[in-house]
Amino acid sequence: MKSRLHLLLALSVVTAAQAQLPAGSSISFAPGAAANTSRVTIIDPGDHVWTLQSSPDLVNWTNVQNYKVHNGRLDCTTAHAPSTTNLFYRTSYSAALQGSITSTLATAVNLPVSPYDYDNPTLPANFAVPPISNQSNMPATNITTDAGAKLGRILFYDKRLSLNQTVSCSSCHQQAHGFSDPDRFSKGFEGGRTDRNSMGLSNARWYQRQSFFWDERSATLEIQVLQPIQNAVEMGMTLPALEARLGAEPFYVDLFTQVFGTPGVTSDRISKALAQFVRSIISVSSRFDAARTTNFVVGTNWTQSEERGRQLFNAPGNCSACHRTDNFVPDVDIFNNGLEFPYVDLGKGGVTGQAGDNGKFKVGSLRNIELTAPYMHDGRFATLEQVVDFYSTQVVDNPNLSPPLRLPPQQGGGVRRPNFTAQQKADLVNFMKSLTDTSLATNPKYSDPFNYGY
Ligand code: HEC
Ligand code: HEC
């Protein structure tokens with residue numbers, strides 16, 4: 001009687017021509033989800049061509065297929081005849097094979113037949129009028145187009161933007177987490193940690209002061225998006241090296257031609273496309289947005305608690321003094337919210353050198369705030385409950401504490417501590433959670449486009 005064993009071998013073979021496997025690569029095999037299938041996973045930051053082979057006896061090997069890895073990872077499933085008794089798989093790397101398969105747009109990325117709409121999103125009517133229309137930071141020199149944001153999306157997910165091809169923008173700005181990072185400090189290309197918490201990117205298009213980063217050190221989004229690429233902890237690249245690397249990939253040359261009319265892969269164009277994609281990350285489909293269209297009438301789609309939270313949020317001197325408009329961003333000011341004194345991180349003051357700016361920080365939109373934990377520039381609070389506890393009783397007096405968090409002079413001018421009740425705290429948290437837009441967290445038009453499987 002024949003045994004029905006299907007053996008899988010985690011065996012990688014190096015040909016004589018190549019003394020070692022490509023840097024950082026590894027291979028694993030596992031039984032597939034369906035009967036008579038096997039799963040092969042290759043991790044390879046260098047995106048090489050690999051050969052998968054099978055053998056009944058570990059002596060005679062047959063080529064199954066050659067594969068090109070895209071963006072560092074390949075998952076493939078192979079099927080074999082049900083009657084197979086013993087079957088071994090191995091995958092091999094041969095220097096001679098490199099170049100035998102080149103990436104094309106069709107093989108490297110999964111794009112929809114008709115392009116996603118990035119340039120004409122359906123927005124609530126009040127986005128077209130002040131104050132929100134004044135918040136838009138889209139410059140006349142870089143109006144978002146569908147083709148430009150599509151290129152920006154591919155760049156945003158491409159690990160080639162980092163020196164050793166292990167980290168992309170999306171490593172620290174994850175769609176499921178409101179384009180932020182659940183880690184307090186993000187891990188860069190060599191494992192080093194950033195010194196601040198990653199920022200969520202929902203509705204970054206609307207920030208009237210235009211500037212980006214917690215300390216507003218980049219005057220525009222176009223300037224900002226090139227910073228992480230060159231940051232020694234984050235991605236460690238130089239712009240000339242990136243231009244050369246992407247310029248050597250034929251499908252990028254095609255894409256740059258589609259967007260800009262000529263084939264040049266320049267850092268100015270990389271910046272424009274990335275900024276277009278970031279500005280296209282728009283959240284207007286939360287419970288809050290739905291309730292807004294019916295004037296927040298409490299009912300099936302808007303709870304008592306959410307409504308109490310909304311009123312508390314907007315009460316004079318409370319949260320909306322700084323988190324303003326339906327984008328929940330400050331407008332003409334940058335604030336200090338009394339996290340600490342003395343200042344551990346000077347924030348804006350570290351950029352301007354002005355004592356009056358010490359401890360002041362940009363705060364991005366509170367949209368999808370439920371998804372972007374932990375909170376504040378140093379990620380000190382793990383939950384929204386902790387944030388509300390902080391504003392309730394823990395705000396620290398300091399020379400730059402912004403006026404909304406201070407009592408009026410006739411009441412002594414000390415720190416304003418609202419001492420919220422347990423119910424009020426829960427209401428504020430429920431209101432902030434009504435800003436969660438699950439469609440943004442899952443919408444394929446913002447997802448990783450790379451093709452990791454066959
Ligand atoms: C290693 C992690 C990491 C990588 C990679 C990374 N970021 Fe960030 N990002 C951060 C951190 C941390 C901050 C806040 C840093 C600060 O303010 O000092 C930030 C801030 C930002 C901001 C500012 C948002 C605002 O409202 O001011 C934008 C936009 C942004 N990143 C986009 C990108 C893009 C585009 C890429 C890829 C080119 C990228 N990031 C790569 C961690 C990362
Ligand atoms: C004086 C202006 C001001 C007021 C009033 C204010 N905030 Fe803030 N808020 C800020 C600033 C500035 C930050 C960013 C501080 C930092 O990280 O250093 C912030 C950060 C936050 C964050 C974290 C954002 C993130 O991306 O990590 C949440 C949540 C928040 N505030 C909610 C509230 C709530 C709720 C209230 C009312 C109880 C409130 N804020 C009142 C200015 C203010």
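All ligand and atom numbering here is 1-based and tracks the order in the structure.
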What's the spacing between [X] [atom1] and [Y] [atom2] if we round to 0.5 Å?
X: Met199; Y: His173; atom1: CE; atom2: NE2; answer: 9.0 Å
X: Leu111; Y: Leu105; atom1: CG; atom2: CG; answer: 6.0 Å
X: Gln276; Y: Tyr118; atom1: CD; atom2: OH; answer: 11.0 Å

(message) Between ligand 2 and Met376, is the shortest N or O to N or O distance under 3.5 Å?
(response) yes
Protein contact of [atom] - nearest heavy atom, named by residue and atom, plus distance:
atom: atom 14 (C) of ligand 2; value: Val363 CB, 3.7 Å
atom: atom 17 (O) of ligand 1; value: Trp214 N, 2.9 Å
atom: atom 38 (C) of ligand 1; value: Cys169 SG, 2.6 Å
atom: atom 27 (O) of ligand 1; value: Phe213 N, 2.7 Å
atom: atom 22 (C) of ligand 1; value: Gln224 NE2, 3.3 Å
atom: atom 39 (C) of ligand 1; value: Pro228 CG, 3.4 Å
atom: atom 16 (C) of ligand 2; value: His377 ND1, 3.3 Å
atom: atom 28 (C) of ligand 2; value: Val387 CG1, 3.8 Å
atom: atom 1 (C) of ligand 2; value: Cys322 SG, 2.7 Å
atom: atom 37 (C) of ligand 2; value: Cys319 SG, 1.9 Å
atom: atom 4 (C) of ligand 1; value: Cys172 SG, 3.3 Å

(message) Heavy atom to atom 9 (N) of ligand 2, shortest distance: which of Phe313, Tyr391, Phe361, Phe335 holds it?
(response) Tyr391
(message) My understanding is that we take every heavy atom of each candidate and find the minimum distance to atom 18 (O) of ligand 1. Doing that for Lys187, Arg196, Arg279, Arg193, which one comes out nearest?
(response) Arg196
More than 12 heavy atoms of other residues, nucleotides or ligands under 6.0 Å from [atom1] of [X]: is that the case?
X: Asn314; atom1: CG; value: yes
X: Lys445; atom1: NZ; value: yes
X: Gln304; atom1: CD; value: no

Taking only heavy atoms of [X], which atoms of ligand 2 are found under 4.0 Å from at least one of them?
X: Ser402; value: 1 (C)
X: Leu339; value: 16 (C), 18 (O)
X: Asn318; value: 5 (C)
X: Ile369; value: 24 (C), 25 (C), 26 (O), 29 (C)

Can an N or O of [X] be found at a distance shorter than 3.5 Å from an N or O of ligand 1?
X: His173; answer: yes
X: Asp215; answer: no
X: Ser211; answer: no

(message) Determine whether Asn318 and Leu312 satisfy the following criterion, side chain to side chain contact (heavy atoms under 4.5 Å, CB included), listing intermediate values before the conclusion.
(response) CA-CA 7 Å; Asn318 277 355; Leu312 203 52; 4.0 Å; yes
(request) Take the angle between the ring planes of Phe431 and Phe313 and call it parallel below 30°, perpendicular above 60°, tilted in between. (result) tilted
Enumerated ligand 1 atoms positioned under 4.0 Å from heavy atoms of [X]:
X: Asn197; result: 12 (C), 14 (C)
X: Arg217; result: 16 (C), 17 (O), 18 (O)
X: Val167; result: 5 (C)
X: Phe212; result: 24 (C), 25 (C), 26 (O), 27 (O)
X: Ser168; result: 5 (C)
X: Ser186; result: 2 (C)
X: Leu221; result: 29 (C)

With heavy atoms under 4.0 Å as the rule, classify the contact between [X] and ligand 1 as side chain, backbone, both or neither.
X: Val225; result: both
X: Lys362; result: side chain
X: Ile229; result: side chain
X: Leu201; result: side chain

(request) Look at ligand 1 and say whether Glu216 reaches it with a heavy atom at a distance under 4.0 Å. (result) no
(message) Tell me whether ligand 1 is touched by Ser198 - counting only heavy atoms on the residue side and a distance under 4.0 Å.
(response) yes
(request) Using distance alone, with no hydrogens and no angle criterion, decide if Thr303 and Ser305 have a side-chain donor and acceptor under 3.5 Å apart. (result) no
(request) For residues Glu306 and Asn430, determine if any side-chain heavy atom of one lies less than 4.5 Å from a side-chain heavy atom of the other. (result) yes
Can we say [X] and [Y] salt-bridge, meaning some charged N sits less than 4.0 Å from an Asp/Glu carboxylate O?
X: Lys159; Y: Asp47; value: no
X: Arg269; Y: Glu243; value: no
X: Glu216; Y: Lys348; value: yes
X: Arg367; Y: Asp289; value: yes

(request) Heavy atoms only: give me the nearest Ile229-Met235 pair and the separation to one decimal. (result) O-CB, 3.5 Å
(request) Please lay out, stage by stage, how Ser168 and Asp158 fare under the test side chain to side chain contact (heavy atoms under 4.5 Å, CB included). (result) CA-CA 5 Å; Ser168 67; Asp158 196 334; 5.8 Å; no
(request) Using the six-membered ring of Tyr116, assess whether NZ or CZ of Lys150 lies under 6.0 Å from its centre and within 45 degrees of the ring axis. (result) no
(request) Check whether any N, O or S atom of Asn337, backbone or side chain, sits closer than 2.8 Å to atom 8 (Fe) of ligand 2. (result) no
(request) Verify the ring-centre separation between Phe288 and Phe328: is it less than 6.0 angstrom? (result) yes
(message) Below 4.0 Å from ligand 2: does a non-hydrogen atom of Met199 turn up there or not?
(response) no
(message) Is Thr372 close enough to touch ligand 2? Criterion: a residue heavy atom under 4.0 Å from a ligand atom.
(response) no
(request) For atom 8 (Fe) of ligand 2, find the closest N/O/S atom on His323 and give its atom name. (result) NE2
(message) With side chain to side chain contact (heavy atoms under 4.5 Å, CB included) as the criterion, how do Trp302 and Thr294 come out once you've worked through the C-alpha distance, each side chain's angles and the decisive distance to 0.1 Å?
(response) CA-CA 10 Å; Trp302 193 242; Thr294 52; over 6 Å; no
(request) Examine distances only and state if a side-chain atom of Arg308 and a backbone atom of Gln423 form a donor-acceptor pair shorter than 3.5 Å. (result) no
